[in-house]
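Below is one structure, written out as structure tokens, with a few remarks after it.
For reference, positions follow the sequence shown, starting with 1.
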Amino acid sequence: MNRNIFMRRLGVAAALVAVLAVAAGAPVLQAQPEAANMGLTTYNAWAGHPQCVGNAKVDVLLSGDPVSVGGYETKLSFDASKFSYTTDNVDLTNYLAVNGRSTSGASGTPVLEAIGANFVKFGDYSWGANPTGPNAPGNLARVGLTTLVCGTSNVSLSESQVVNTQGTAFAPGTQASVPFVVRGLRDTNASGGNVTIADAIAVSTALGTSGACSANYQYDINNSGGNITIADAIAVTTGLGQPSCP
């Protein structure tokens with residue numbers, strides 16, 4: 001009997017030791033971290049303004065749990081029937097420029113980009129004595145595409161890589177593919193459907209502001225390149241009742 005009691009107590013003690021080992025941080029299976037996810041945000045853009053190079057803006061974002069990011073590269077693809085890309089229309093943010101670290105594009109260092117008929121591939125990297133880089137999430141860059149015609153198509157990321165300041169790659173994660181709407185020339189209020197008096201009113205509210213490929217370029221219906229005038233509002237009314245994206 002005493003032997004049985006002793007063995008039971010020994011078994012309980014062994015179980016307690018195992019529990020304490022786990023509680024004390026003994027090696028156990030750990031949850032896998034999230035990967036480096038690459039996202040996109042698009043904004044309203046209008047066709048019919050060919051002089052406004054890079055007028056269709058796309059933000060490239062990093063999420064997941066990368067820590068001390070030191071660099072990245074990605075490929076943004078688009079529908080070549082709706083958009084084109086002109087060199088030097090990648091605007092890198094200062095996301096990597098933390099803790100005194102320098103980044104590409106600074107001090108005359110050229111921005112890295114490769115251009116094809118339907119894509120631009122680019123990246124950013126940092127260097128410096130301080131080994132600590134930024135953590136995710138972050139806004140990496142804004143890319144300016146040039147609109148060709150109105151309509152909806154997808155812009156997509158692929159071939160993305162993200163590394164820490166030591167050059168170690170993070171696990172690749174999701175890479176966004178999102179719809180991008182290019183508005184018709186007279187769809188100034190971005191409502192879609194047919195051109196209405198509301199589109200002309202939207203132009204009227206911008207009278208006197210600059211339309212020379214500025215933030216109000218969509219109201220420069222006659223593409224004069226100067227300030228928005230009543231002539232632009234009248235140009236909208238010539239299309240009243242017609243499809244906003246013919």
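- Of the possible donor and acceptor atoms, none in the side chain of Asn118 sits under 3.5 Å from a partner among the backbone N and O of Ala80.
- Between the Glu73 side chain and the Lys121 main chain, no donor and acceptor come within less than 3.5 Å of each other.
- Of the possible donor and acceptor atoms, none in the side chain of Asn223 sits under 3.5 Å from a partner among the backbone N and O of His49.
- Checking Asp79 against Ser81 by side-chain atom types alone, a donor-acceptor pair falls below 3.5 Å.
- Applying the salt bridge (charged side-chain N to carboxylate O under 4.0 Å, His left out) test to pairs two or more places apart or on separate chains, none has a residue in residues 171-187.
- Remark: side-chain polar atoms of Ser244 are paired, donor with acceptor, to backbone N or O of Gly193 under 3.5 angstrom.
- A heavy-atom distance below 4.5 Å is found between the side chains of Asp88 and Glu113.
- Although no hydrogens or angles enter the test, the distance criterion places a donor-acceptor pair under 3.5 Å between the side chain of Asn99 and the main chain of Thr132.
- Remark: side-chain polar atoms of Asn55 are paired, donor with acceptor, to backbone N or O of Trp46 under 3.5 angstrom.
- Residue pairs meeting the ring-ring contact (aromatic ring centres under 6.0 Å, His included) criterion with at least one partner in residues 64-98, sequence neighbours excluded, are Phe83-Phe180.
- Between the side chain of Asp199 and the backbone N or O of Thr196 there is at least one donor-acceptor pair closer than 3.5 Å.
- A distance-only check finds no donor-acceptor pair linking the side chain of Thr174 to the backbone of Asn37 [under 3.5 Å].
- Side-chain contact between Leu92 and Thr103 is absent, with no heavy-atom pair separated by less than 4.5 Å.
- The two residues Thr93 and Asn139 make their nearest non-hydrogen contact at OG1-O, 2.6 Å.
- Side chain of Asp220 to main chain of Gly225: a donor-acceptor pair is present (N/O by atom type, distance under 3.5 Å, no hydrogens or angles).
- Taking hydrophobic clusters as Ile, Leu, Val, Met, Phe, Trp and Tyr residues chained together by side-chain heavy-atom distances below 4.5 Å, Leu76 does not share a cluster with Tyr43.
- Closest non-hydrogen pair, Trp127 versus Ser104, comes out as CZ3-N, 3.7 Å.
- Under the 6.0 Å distance and 45° angle rule, Lys75 counts as a cation-pi partner of Phe119.
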